[in-house]
Amino acid sequence: MDIGRINESDQPVKLSGYPKQQPRRIRQNPLLRGLTRESGLSAGKLVAPLFVTEKSQRKPQPVASMPGVVRHSVSSVAAEAKELSKLGVGAVLLFGIPKIKDAQGSGAYDEHGIVPQAIRAIKKAAPNLAVIADVCLCEYTDHGHCGVLSQPGISGVIMRKPFKVRLWRPSPHGSVDNAATLPLLAAAAVAHARAGADMVAPSAMMDGQVASIRKALDQDGFSSLPILSYSVKYASAFYGPFRDAAASAPRLGDRRGYQIDPANLEEALRETALDIEEGADCVMVKPAMAYLDVVRAVKKEFNWPTAVYQVSGEYAMVKAAVARGWLDEKRTVLELATAMRRAGGDFFITYYAKELAHWLSNKRGA
Ligand code: PBG
């Protein structure tokens, strides 16, 4: 099947189709239909990212750089999900913070880990809310990278005499071991599926991650469970506050070895084509505001259900300006959500989901 062209002059993208691609994966789950509906702006098109931590705590802990956002316990995340569900929010997207981080990110694929616990609790408290589980290792690794390192602790660190500067020198192939990471991501996806997630969302930017997750899900009896791929994830400065929230800033180096260079659009289209080819049911562009041209291009090229992620730094920017009285919060946030739809996004992942749902319910026909 020809699903579009990359640049006018280029090759059409060939799709292998069924069984890798099954449009019914989305249609079969009534909780996901609203997200991918092609018109309108409503609470049902919003996805609220939620952080849940395994560290014992009584009250949810605020995240300093994201006013209004907290790290939840399992019970508070379930209560929050119930409220979001009542407001008509389409879905939650879960990020886990484990008690212990290690080099292999074991907490990410522990069947009794924090996210599987949260999924079970949310499904009990709010059965009509779609639960999407982020699939990545960075919140679970002690080095903070999205996969396992080829030489943990050593690679890329060079001591230079006489200056004694520690330099980060990624190897030509990147210091994160792609092949070794794939089975771990697949195991994480299966653990989330078994806990009851409606959709899994791989965000590690490893090559082949969608294919390996698809295969693992199929083998585990989850051939109907859809994948929302973070297909276009830029190496962005706007993720700073998230890394505070999840304590996941890389300890050495940065993520440019696997996330896309902000200068690149063709590469974004290639990544999307590859993910669709591998079996992605929904694709994503992230961040939002600085990349609406990319949203437009992805939608135009592929006509695929497309999520747009307004990331932590975008949220923090608006909150900071609002706190100083420089911007009108409601108007600003509604304008950004409208722009996301105008650019071609189908659903909107935003830390403003709850407030937006309120505002949209008070503003008929929005
Ligand atoms: C990786 C992941 C990140 C975000 C979502 N998934 C962090 C990163 O790449 O550093 C960032 C989201 C945000 O900034 O709101 N698991």
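Predicted, not measured: the structure shown is a model, and the values here were computed from it. Start at 1 and go down the list; that is how both ligands and their atoms are numbered.
- Residue Tyr234 is tested with Tyr258, Tyr239, Tyr291 for a ring-ring contact (aromatic ring centres under 6.0 Å, His included); the sole match is Tyr291.
- Between Tyr309 and Phe348, a ring centre-to-centre spacing not shorter than 6.0 Å is recorded.
- For ligand 1 and Lys286, the ligand atoms under 4.0 Å from any heavy atom of the residue are 2 (C), 3 (C), 4 (C), 5 (C), 6 (N), 11 (C), 12 (C).
- Close approach of ligand 1 to Phe95 is summarised as follows: ligand atoms under 4.0 Å from at least one heavy atom of the residue are 5 (C), 6 (N).
- Residue contacts with ligand 1 include Glu139, since one of its heavy atoms falls under 4.0 Å from the ligand.
- Within the set Met284, Met205, Lys233, the minimum heavy-atom distance to atom 1 (C) of ligand 1 is found for Lys233.
- With hydrogens left out, the protein atom closest to atom 10 (O) of ligand 1 is Arg243 NE, 2.5 Å, a heavy atom.
- At a heavy-atom distance under 4.0 Å, only side-chain atoms of Cys138, from C-beta outward, approach ligand 1.
- Residue contacts with ligand 1 for Tyr315 are absent, since no atom lies close enough (heavy atoms, distance under 4.0 Å).
- A centroid separation of 6.0 Å or more is found between the aromatic rings of Tyr109 and Tyr140.
- Of the options Leu46, Leu32, Leu228, a side-chain contact (heavy atoms from CB on, under 4.5 Å) to Phe347 is made by Leu228 and by none of the others.
- In this structure, CD in Gln117 is found 11.5 Å from CD1 in Ile122, a value given to the nearest 0.5 Å.
- A distance-only check finds a donor-acceptor pair linking the side chain of Arg25 to the backbone of Ser223 [under 3.5 Å].
- Nearest protein heavy-atom contact of atom 14 (O) of ligand 1 is Ser312 OG, 2.7 Å.
- Scanning the protein heavy atoms around atom 12 (C) of ligand 1, the nearest turns out to be Phe242 CD1, 3.4 Å.
- Within the structure, the closest approach of Gln310 to ligand 1 does not fall below 4.0 Å when heavy atoms are considered.
- Heavy atoms only, all atoms of each residue included: Glu139 and Ser248 are closest at CA-CB, 4.1 Å.
- Which parts of ligand 1 touch Asp134 is read off a 4.0 Å heavy-atom cut-off, strictly below it: atoms 6 (N), 16 (N).
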Verify side chain to side chain contact (heavy atoms under 4.5 Å, CB included) between Lys286 and Val311, making sure each step is shown before the conclusion.
CA-CA 7 Å; Lys286 173 187 168 189; Val311 300; 3.5 Å; yes
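- Remark: distances from the non-hydrogen atoms of Ser203 to ligand 1 include one below 4.0 Å.
- Residues Ile227 and Leu31 fall into different hydrophobic clusters, defined by Ile, Leu, Val, Met, Phe, Trp and Tyr side chains chained together at heavy-atom separations under 4.5 Å.
- Here the CD-CD1 distance, from Glu271 to Ile260, works out to 4.5 Å after rounding to the nearest 0.5 Å.
- Numbered from 1 in the order shown, with element, the atoms of ligand 1 that lie under 4.0 Å from a heavy atom of Cys136 read 1 (C), 16 (N).
- In summary, the atoms of ligand 1 found under 4.0 Å from a heavy atom of Tyr351, numbered by their order in the structure, are 12 (C), 13 (C), 15 (O).
- Interface of Tyr309 with ligand 1, defined as ligand atoms under 4.0 Å from a residue heavy atom, comprises 12 (C), 15 (O).
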